*Asks:* 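For reference, the structure I am asking about is given below.
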Amino acid sequence: DVQLQASGGGLVQAGGSLRLSCMTSGFTPDDYAIGWFRQAPGKEREGVSCISRSEGRPYLANSVLGRFAISSDDAKNTVYLQMDSLKPEDTAVYYCAAERSSCHVFFGPANAIDYWGKGTQVTVSS
């Protein structure tokens with residue numbers, strides 16, 4: 001089965017850090033764009049970050065530039081989202097996802113996503 005398992009969320013104070021993990025199985029992560037969405041209560045789902053070997057560069061939403069970083073461990077089939085300098089506005093459920101072609105769908109309509117994982121809650125207190 002194709003699976004994406006997100007983990008690493010939690011409760012952190014503003015200015016703190018978390019690292020989210022997206023463990024994948026059932027497909028070859030290198031053939032996909034893999035990244036993260038988030039959705040806060042009452043708000044639209046937002047693309048956060050994406051990594052793709054086919055494009056050769058990471059993508060970060062403007063709202064997290066300089067604070068978040070995405071990376072991958074091919075041996076572990078895992079993609080990470082390092083979240084530093086967290087703000088209360090970062091509070092959301094974070095979802096990992098995979099798309100066959102490119103990262104652009106993470107920052108526009110999300111209807112082209114091939115696989116979704118279940119989310120992990122990130123809560124940042126003031």
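These numbers come from a predicted model, not from an experiment.
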*Asks:* Give the minimum heavy-atom separation between Cys103 and Ser52, together with the two atoms involved.
*Replies:* SG-CB, 3.6 Å
*Asks:* Could you please spell out the steps behind the side chain to side chain contact (heavy atoms under 4.5 Å, CB included) verdict for Phe68 and Leu60?
*Replies:* CA-CA 8 Å; Phe68 291 10; Leu60 282 299; 4.1 Å; yes
*Asks:* State the OH-OG distance between Tyr94 and Ser7, to the nearest 0.5 angstrom.
*Replies:* 15.0 Å
*Asks:* Of all the heavy-atom pairs spanning Asp84 and Ser17, show the shortest one and how long it is.
*Replies:* OD1-OG, 2.8 Å
*Asks:* Check Ile34 against Ala98 and note the closest heavy-atom contact, atom names and distance.
*Replies:* CG1-CB, 4.1 Å
*Asks:* Suppose we screen for side-chain contact (heavy atoms from CB on, under 4.5 Å). Which residues come up paired with Ala6, at least two apart in sequence or across chains?
*Replies:* Trp36, Cys96, Thr120
*Asks:* Within this structure, what is the CZ-OG distance for the pair Phe107 and Ser102, rounded to the nearest 0.5 Å?
*Replies:* 11.0 Å
*Asks:* Which heavy atom of Val122 sits nearest a heavy atom of Gly9, and at what distance?
*Replies:* CG2-CA, 4.1 Å
*Asks:* Cut-off 3.5 Å, no hydrogens considered: what does the side-chain donor-acceptor table look like for residues 18-28, sequence neighbours left out?
*Replies:*
| residue | atom | partner | partner atom | Å |
| --- | --- | --- | --- | --- |
| Thr24 | OG1 | Asn77 | O | 2.8 |

*Asks:* Considering residues at least two apart in sequence or located in another chain, which fulfil the side-chain contact (heavy atoms from CB on, under 4.5 Å) criterion with Lys118?
*Replies:* none
*Asks:* Are Val93 and Trp116 joined in one hydrophobic group, where the rule is that I, L, V, M, F, W and Y side chains link up if heavy atoms are under 4.5 Å apart?
*Replies:* yes
*Asks:* Hydrophobic cluster membership, with links at side-chain heavy-atom distances under 4.5 Å among I/L/V/M/F/W/Y: are Leu86 and Ile70 in one?
*Replies:* yes
*Asks:* Could you list the residues that satisfy side chain to side chain donor-acceptor pair (under 3.5 Å) with Tyr59, not counting sequence neighbours?
*Replies:* Glu55, Arg57
*Asks:* Flag this pair as yes if the NZ/CZ of Arg45 is under 6.0 angstrom from the six-membered ring centre of Phe37 and inside a 45 degree cone about the axis; otherwise no.
*Replies:* yes
*Asks:* Could you verify whether a donor N or O on one side chain and an acceptor N or O on the other, from Asp73 and Thr78, lie under 3.5 Å apart?
*Replies:* no
*Asks:* Going by the rule side chain to side chain donor-acceptor pair (under 3.5 Å), which residues pair with Tyr95 if we only count those two or more places apart in sequence or in a different chain?
*Replies:* none
*Asks:* Enumerate the residue pairs fulfilling disulfide bond (SG atoms under 2.5 Å apart) with a member in residues 53-89, sequence neighbours excluded, ordered by first and then second residue.
*Replies:* none
*Asks:* Drop me the distance from Arg38's CZ to Glu44's CD, to the nearest 0.5 angstrom.
*Replies:* 14.0 Å
*Asks:* Please identify each residue that fulfils side-chain contact (heavy atoms from CB on, under 4.5 Å) with Thr123, with sequence neighbours left out.
*Replies:* Leu11, Thr91, Gln121
*Asks:* If hydrophobic clusters are built from ILVMFWY residues whose side chains come within less than 4.5 Å, do Val12 and Val64 share one?
*Replies:* yes
*Asks:* Taking all non-hydrogen atoms of both residues, which atom of Ala112 and which atom of Val105 are closest, and how far apart?
*Replies:* CB-CG1, 3.6 Å
*Asks:* What is the distance from atom CD of Gln13 to atom OG of Ser125, rounded to the nearest 0.5 Å?
*Replies:* 5.0 Å
*Asks:* Taking only residues two or more places apart in sequence, or in another chain, which ones meet Ser71 in a side chain to side chain donor-acceptor pair (under 3.5 Å)?
*Replies:* none
*Asks:* Counting only N and O atoms by type, is there a donor-acceptor contact under 3.5 Å from the side chain of Arg100 to the main-chain atoms of Tyr32?
*Replies:* no
*Asks:* Look up atom CG in Leu81 and atom SG in Cys50, then write down how far apart they are to the nearest 0.5 Å.
*Replies:* 11.5 Å
*Asks:* Taking only residues two or more places apart in sequence or in another chain, which ones pass side chain to side chain donor-acceptor pair (under 3.5 Å) with Glu99?
*Replies:* none
*Asks:* Tell me, please, which residues at least two apart from Ser72 pass side-chain contact (heavy atoms from CB on, under 4.5 Å).
*Replies:* Ile51, Asp74, Val79
